[in-house]
Amino acid sequence: MRRSIATVCLSGDLAEKLRAAAAAGFDGVELFEPDLVAGEMSPEEVKALADRLGVTLDLYQPFRDAEGVTEPEFADVLRRAEAKFRLMQRLGITTMLVCSNVATASVDDDEVSAGQLRRLGDLAQGYRVRLAYEALAWGRFVDDYRRSWRIVELADHPAVGICLDSFHILSRGHDPAAIEDVPGDKIFFVQLADAPLLSLDYLSWSRHHRVFPGEGGFDLPGFTAHLLRAGYTGPLSLEVFNDVFRQTDVHRTAVHALRSLIWVEDQARRALPAGAQTPDTGPGEALDASSLLPATAATGIDFVEIRCEDPSSVEMVLDRLGLTFRGVHRSKPVGLWTSGAARIIVNQQQAHGAEPHLSAVGITVPDLTAATVRAHRLKAPPVHRRTLSAEVALEAVLAPDGTEIFFGDATTAAWVAEFAGGSDLGGTEGPEDADAPTGGITGVDHVNLSGAWEDFDEAVLFYTSVLGLTAGSATHVPGPRGLVRSQVMTSEDGAVRVPLNVSPTLDTGPALQHVALACPDLRAVVRRARERGLVMLPVPQNYYDDLDARFDLDPELLAELRDLHVLYDRDAEGEYLNAYCPTVGQVFVELVQRSPGYAGYGAGNAPVRLAAQSRR
Ligand SMILES: O=C(O)c1ccc(O)c(O)c1
Ligand SMILES: [Mg+2]
């Protein structure tokens, strides 16, 4: 299907917006009137630029307060409309968005609104313009797409159809299934926007909090599938009013936006039964399997990479936790530490002056080629790593938070063998084998990444679309310097868990990242680490008093938790023990012991951890 974006989604002036939309790969744009009015380009210049860039101008919007008015008022509506139809001829735009009346409507009568739209349609036809009537969620009388469709049916005019905007429909909780009752050719335009589920008046919610499909709480794939079943063949256009995207880099936002559209289209087509995928135009056009994105699933964490100039503090922590040094890479200043399935790479390459930070995560997938092709088709920026011809060349893409995401499958497992020799840090074994002694740590429980607040929505979409992870509910963790927003992304079976954190808006230093290592006997690992000189992050006595009040713990267990600086949580499904190593640079290691049913992260412990870390 054709892909469009409203100019209101992007930052910059109109020329910058058009260039960014074209460069990202959009087919067309919706021209948001204020972008034209505030600019110096004449309508003819705008048309010429769009033509040169190869993007179509798909919609002129919005035209407000057109129907449900008194006759004297309607005379002025016709006058205003005619001026815009003339303008649209100069722009070469043939569809105008007409919003349901929010301000001047005084007549709550479908026949009256339909009659006025019909007369507008007569006028529009003379200029070869079509009108797409959209029910705004805060319309004075018309705030439901089913009512706007009834009015359009009553208007019964070839130049009058409806515009469906997912925000207005889904924010009001209206069932989108009735879209299928509308003939596809009477749906003149479609606007897609997602949004977080907020309890807010519709106008504020719509004007400030829309996000791209896949980033909020609405079912955009389901919505889009209804459109396809209705036989809609026009553009899918993003209309996302968002305070952040209005100020971020226009080229980056345009690519981010296109990724959301590619993803939602793909998800919608997958939701259709095979039999619905046959018409040879419109929805069917794209429905052969080769045009679908290759499916992928994240099945596990292959490795976690920490990059730094001086690895000594990181290696000290890993060593004392009982991980084994597997040696240095045969061609690079990169070391590998393992325990069970946990593999941690310490990379000194291109790390001049860098403090330890999580630089890359390896994700195992069923099919490396499929995962890579999918990521590239979703416009994920590829990452280059220096590699010799005899070495395994791992494919990677850059996530919005700056983490490099590597893909691995059975064909790349040999990368581990490039680390040979062991070292003076105590490792003697050769390349890793699964049955090696584990030192109590068996794998990676989760990897917690952090990003800037302005990249957060993009990161959620990235992990959803590129890795097939699912966003859980977002929470805020109170810390001494503000709230940390946290959103867990997980694979279907929970094997890959990636909580994303955003630090408070004001600059409070780099946000911490961490890797959480799973161990079936956490207290034994902590005890042994302490014997080797590693003391876990101290936890206040008040925390343990509170723990006792909440859980009525066995006194012996409570004393041991207190002594070892181990934190505790419990829910109906099981228990969670965790402990935090001292922070090195921007990163720390967490130890986790979870019973199989426990799906959380000790949410109550995170504020205690933030406070303790900020005291250090
Ligand atoms: O907020 C508005 O006014 C507005 C304008 C045009 C639209 O298509 C829309 O969904 C909202
Ligand atoms: Mg809209």
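Note that ligands are numbered from 1 as they come in the structure, with each ligand's atoms numbered from 1 the same way. As a basis for the values below, the full set of heavy atoms in this structure was taken, side chains included, without hydrogen atoms, waters or symmetry mates. Counting begins at 1 with the first residue of the sequence.
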Run the numbers for me: atoms of ligand 1, each under 4.0 Å from some heavy atom of Leu97, listed by number. 6 (C), 7 (C), 8 (O)
Taking heavy atoms and a distance under 4.0 Å, where does Arg210 meet ligand 1: side chain, backbone, both or neither? side chain
Side chain, backbone, both or neither: Phe63 near ligand 1, heavy atoms under 4.0 Å: neither
Nearest 10°: the angle subtended at the Mg ion (ligand 2) by Glu239 OE1 and Glu134 OE2? 170°
Only heavy atoms of His168, strictly under 4.0 Å: list the atoms of ligand 1 that pass. 9 (C), 10 (O), 11 (C)
Among protein heavy atoms, which sits nearest to atom 4 (C) of ligand 1, and what does the distance come to when rounded to 0.1 Å? Phe241 CZ, 3.9 Å
Run down the list Gln191, Arg64, Glu33, Glu239 and name the one with the heavy atom closest to atom 9 (C) of ligand 1. Glu239
Which of parallel (below 30°), tilted (30 to 60°) and perpendicular (above 60°) describes Phe212 and Phe245? parallel
Will you find, in the side chains of Glu30 and Ser4, an N or O donor that is under 3.5 Å from an N or O acceptor? no
Does an N or O anywhere in Arg207 fall below 3.5 Å from an N or O of ligand 1? yes
Any Lys/Arg nitrogen of Arg147 or Asp110 sitting under 4.0 Å from an Asp/Glu carboxylate oxygen of the other? yes
Atom 6 (C) of ligand 1: closest protein heavy atom, distance to 0.1 Å, is Gln61 OE1, 3.2 Å
Does this structure show an ion pair linking Arg252 with Asp455, if we count only N-O contacts that are shorter than 4.0 Å? yes
Check the side chains of Tyr127 and Glu82 for a donor-acceptor pair under 3.5 angstrom, ignoring hydrogens and angles. yes
Going by an N to O cut-off under 4.0 Å, is there a salt bridge joining Arg118 and Asp122? no
Among side-chain atoms of Thr7 and Asp35, is any donor-acceptor pair under 3.5 angstrom? yes
Between Arg130 and Phe188, is NZ or CZ placed under 6.0 angstrom from the six-membered ring centre and within 45° of the ring axis? yes
Looking only at distances, please establish whether an N/O atom of ligand 1 is found under 3.5 Å from an N/O atom of Ser206. no
Angle at the Mg ion (ligand 2) (to 10°), with one arm to OE1 of Gln191 and the other to OD2 of Asp165: 100°
